[in-house]
Novice: 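One structure, pasted below without further comment.
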Amino acid sequence: MAVTFTNRAAGEMRERIKNNVGEKVYVATLHSFAAQVLRNYPPPGFTADFRIIDESHQYALVNQIKKELNQQDHPAYIIEKLTLACNLRSREILEELHLQDFYRQYCAYKRQNNALDYDDLLLWCAFVFEKYGEALDHYRNRFSFLLVDEYQDINPVQHAILKSLARDRGNIVAVGDFDQAIYGFRGADVNIMLNFQRDFPNCKTYFLEQNYRSTQEIVAAANRLIRNNQNRREKPLWTAREAGNPIMVLSFANAEEEACQVVDVIREGVQGGKKYGDFAVLYRINILSRVYEEVFSSLGIPYQVFGGPGFFQRNEIQNILSFYRLCQNPEDQRALAKAASLVAMIHGDDPKKAGLVMGKAGRKPDPVWADQSLHALRPVLEKLRQLNNLEEIYDLVLDHTGYLDYLKQNRSTEGLRRLENVEELRSTLVQFGQTGKSLDDFLLLVDQVHAEKSLDTVKLMTSHAAKGMEFDTVFIVEAEEGMFPHYNAETEAQQEEERRLFYVSLTRAKNNLFILHTRTRISKGKTIRVTPSPFIQELDLSGPGQEQKKKPGKRLFAHQNPFDAAAPQLRKDDVCAGLLVHHAFFGKGVITEIRELPHYTELTVAFRDETRKIILEYAPLTCYQDPDFI
Ligand SMILES: Nc1ncnc2c1ncn2[C@@H]1O[C@H](COP(=O)(O)OP(=O)(O)OP(=O)(O)O)[C@@H](O)[C@H]1O
């Protein structure tokens, strides 16, 4: 039996095994295997025809019990903690969080209804193997050998199942990389892999130290970084590949400037024959996709946000934007449905019902309901229409609806992500407001920022989502203290997990690696100064063998950024044909043409070496005063 943890991985493994050794291998996710075991050997109190509760059913059920027990926590948070307790097989977690009564009631419901959730499948499978000798013998006889992939990310309950199956005979092959264990926050334990020898004393360990993917520069830097972790075994990677391009670490005044440089590198690469799909932008947290989406969209770089919707498509953002749309057009029925659903949800009504009545799924809105909703929202809409300032609209909407407080109640990982997105929206509005743009301009921008359907796209994704992938060129962006490592990583173990995540990010690059960081960030509407990630220091790029980094190689790889954060950014009213300017990457130039596009100002600038089209709003452009220039 070959075991993986996702359906995608199971599918890939099935295909490879079929091509190499024929079809007589059972490939499954551990969940599907556990379900099969429990159909044959149902746990106490359940029959073989148990129902499996899916995520939405589980949410509804937890919500119902929460109300019955007057529990304050958000259902998503409760579910996350129940899962963690199951993964770790830890009752203490439930006690610490005062969830033991909740759990008891939840289990009673499941038993009465002969239903198991996904966590139960693993928990009960481990139980059955530990208590029912007959069941364990059956599966031990059925599968002579076990192969487990991504072993670094298994948790205690998965470990218990695999250990039961393989114990005594030790017929298990575990494949993994302890330096790439990145799911500790949800109960995975890197020590399970590190202690493999203790579980299976006769095992042999093979270190696959040759890296076939990356250049020497990248492999060496990754080795230097990961050596700073204590909880690991020494495993220096090497590669027979060429030295390769130096790793570039670049500093920028702000995220827009950083994104513009990324665009330049991509454009130059594509002109030189690379595909857009050869490039990936990796970031630590989801909100960082926003600037890249805006800049890529406006500058015509086809991209795809991998592993989730783009920033402006995220539900929590759409919820707030619906009020902006209603300010623009009070008759916008879709926006009204969205705004009304949001208010219903915050007040504990069923938002789905509200959405349906309002005409989702192609139905026409119910006129009575539409009237009632409009009536309820009218006071706030009227106030909103008197406001011109984008931030004030945001503040009023959040104040009036109580959305921020509502989001803060959900302390699950997903809840925190939503909150971060909503706060990032405020930063976006502050920035946008500074350019003197109107509400209409803002909504046009929002509608224009969308991923292309094109097949060849630059991939934008979190470092977690990049696990297992590889790209010709990788940009690790916004690599700053507090961002990477994440500010929530407090303990030594969490810091080490952050370092492993940075290691995963570095080792996605085959040929070119850019690590970019900014000197300022807008946080909660305020510009704050930030410092580079300490992991950059740990790469020790100034050490021996790194001198070539300073020598200009290919043009774009050689540019260091001289942009001074203190120099004022040029605005539309400041520019005129003939003005001398300074661009962070192209240096000195003179504006030869100005074109007003619907949402941007396009400048044609003659630099010393070439003439370029520049988008004023995004370009790191300042006024240049050197009289010797021409
Ligand atoms: N023996 C080999 N000879 C040549 N190329 C190889 C060999 N093994 C792997 N590669 C190539 O090296 C790259 C990485 O391989 P693979 O994805 O299997 O590694 P991995 O251990 O899963 O990496 P990671 O866990 O870091 O994602 C791929 O491009 C693959 O084609």
Side-chain angles (χ1 to χ4, degrees), residues 2-21 25 27 29 147-154 173-184 188 190 192-194 196 204-227 229 232-245 247 274-275 277-284 306-307 459 461-476 484 496-513 515 535 539:
V3 176
T4 65
F5 297 102
T6 64
N7 286 325
R8 184 171 68 103
E12 277 173 19
M13 195 185 272
R14 206 170 285 127
E15 196 57 29
R16 283 195 212 171
I17 291 176
K18 193 170 124 192
N19 293 341
N20 287 287
V21 289
V25 176
V27 183
T29 63
L147 169 67
V148 190
D149 197 13
E150 304 285 5
Y151 201 76
Q152 75 281 354
D153 283 323
I154 72 168
V173 176
V175 184
D177 179 359
F178 44 76
D179 287 333
Q180 295 192 48
I182 54 175
Y183 289 110
V190 64
I192 296 174
M193 181 166 193
L194 290 168
F196 191 81
K204 282 192 182 151
T205 304
Y206 298 89
F207 284 103
L208 306 180
E209 289 175 348
Q210 181 169 7
N211 178 307
Y212 295 93
R213 176 183 292 149
S214 311
T215 61
Q216 286 174 29
E217 287 275 345
I218 296 167
V219 169
N223 278 333
R224 288 194 293 270
L225 172 91
I226 204 64
R227 263 187 209 130
N229 270 11
R232 66 186 292 269
R233 288 176 68 184
E234 188 53 18
K235 165 184 68 71
L237 293 184
W238 64 274
T239 180
R241 288 203 53 197
E242 68 281 13
N245 290 323
I247 296 170
K274 291 191 199 295
K275 297 200 290 289
D278 290 331
F279 298 91
V281 174
L282 308 187
Y283 36 83
R284 175 65 184 85
F306 191 87
K459 303 293 179 294
M461 65 183 88
T462 62
S463 295
H464 277 104
K467 175 86 184 68
M469 299 193 178
E470 61 185 22
F471 302 91
D472 174 83
T473 301
V474 166
F475 304 95
I476 301 175
F484 217 155
E496 292 212 346
E497 181 150 313
E498 291 292 309
R499 191 177 282 108
R500 290 193 293 265
L501 189 58
F502 203 74
Y503 176 87
V504 167
S505 315
L506 301 175
T507 53
R508 300 310 93 201
K510 292 201 262 186
N511 296 311
N512 302 303
L513 177 61
I515 302 171
F535 296 149
L539 297 175

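Any value given below was found using the heavy atoms of this structure, including those in side chains, with hydrogens, waters and symmetry copies removed. Both ligands and their constituent atoms are indexed starting at 1 by order of listing. All residue numbers refer to positions in the sequence shown, counting from 1.
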Novice: Is F207 close to R233 at the side-chain level, that is, under 4.5 Å between some pair of heavy atoms?
Specialist: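 Answer yes - side chains close enough.
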Novice: How far is atom 25 (O) of ligand 1 from the closest protein heavy atom, and which atom is that?
Specialist: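 That would be Q180 NE2, 3.5 Å.
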Novice: Considering non-hydrogen atoms of the protein only, which is the closest contact for atom 4 (C) of ligand 1, and what is the distance?
Specialist: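 Checked against all protein heavy atoms, atom 4 (C) of ligand 1 sits closest to Y212 CD2, 3.4 Å.
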Novice: Considering only protein heavy atoms, determine whether one is less than 4.0 Å from atom 31 (O) of ligand 1.
Specialist: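 Protein heavy atom within 4.0 Å of atom 31 (O) of ligand 1: absent.
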Novice: Quick check: do Q180 and K467 have side-chain heavy atoms less than 4.5 Å from each other?
Specialist: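 With C-beta onward as the side chain, the pair touches.
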Novice: Is it true that E496 and R232 have a side-chain N and a carboxylate O under 4.0 angstrom from each other?
Specialist: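 No, no charged N to carboxylate O under 4.0 Å.
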Novice: Check whether any heavy atom of R508 sits under 4.0 Å from an atom of ligand 1.
Specialist: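 Contact present.
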Novice: Any protein heavy-atom neighbour for atom 21 (O) of ligand 1 (distance below 4.0 angstrom)?
Specialist: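 Under the 4.0 Å cut-off, atom 21 (O) of ligand 1 has no protein heavy-atom neighbours at all.
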Novice: Hey, is atom 27 (O) of ligand 1 under 4.0 Å from any protein heavy atom?
Specialist: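 Answer yes: something from the protein, a heavy atom, is under 4.0 Å.
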Novice: Classify the contact between M469 and ligand 1 as side chain, backbone, both or neither, using a heavy-atom distance cut-off of under 4.0 Å.
Specialist: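 Contact part for M469 vs ligand 1: neither.
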Novice: Considering all protein heavy atoms, does one lie under 4.0 Å from atom 13 (C) of ligand 1?
Specialist: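 Within 4.0 Å: yes, protein heavy atom nearby.
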Novice: Answer with side chain, backbone, both or neither: which part of K510 has a heavy atom less than 4.0 angstrom from an atom of ligand 1?
Specialist: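 Neither; nothing of K510 gets under 4.0 Å from ligand 1.
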Novice: Any idea how F502 and F484 line up, ring-wise: parallel (<30°), tilted (30 to 60°), or perpendicular (>60°)?
Specialist: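 Perpendicular, since the angle between the ring planes exceeds 60°.
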Novice: Could you tell me whether the side chain of S214 reaches within less than 4.5 Å of the side chain of E470, counting heavy atoms only?
Specialist: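 No - every pair of side-chain heavy atoms lies 4.5 Å or more apart.
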Novice: Do K235 and D177 sit within salt-bridge range, that is, some charged N less than 4.0 Å from a carboxylate O?
Specialist: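 Looking at K235 and D177, the cut-off is met.
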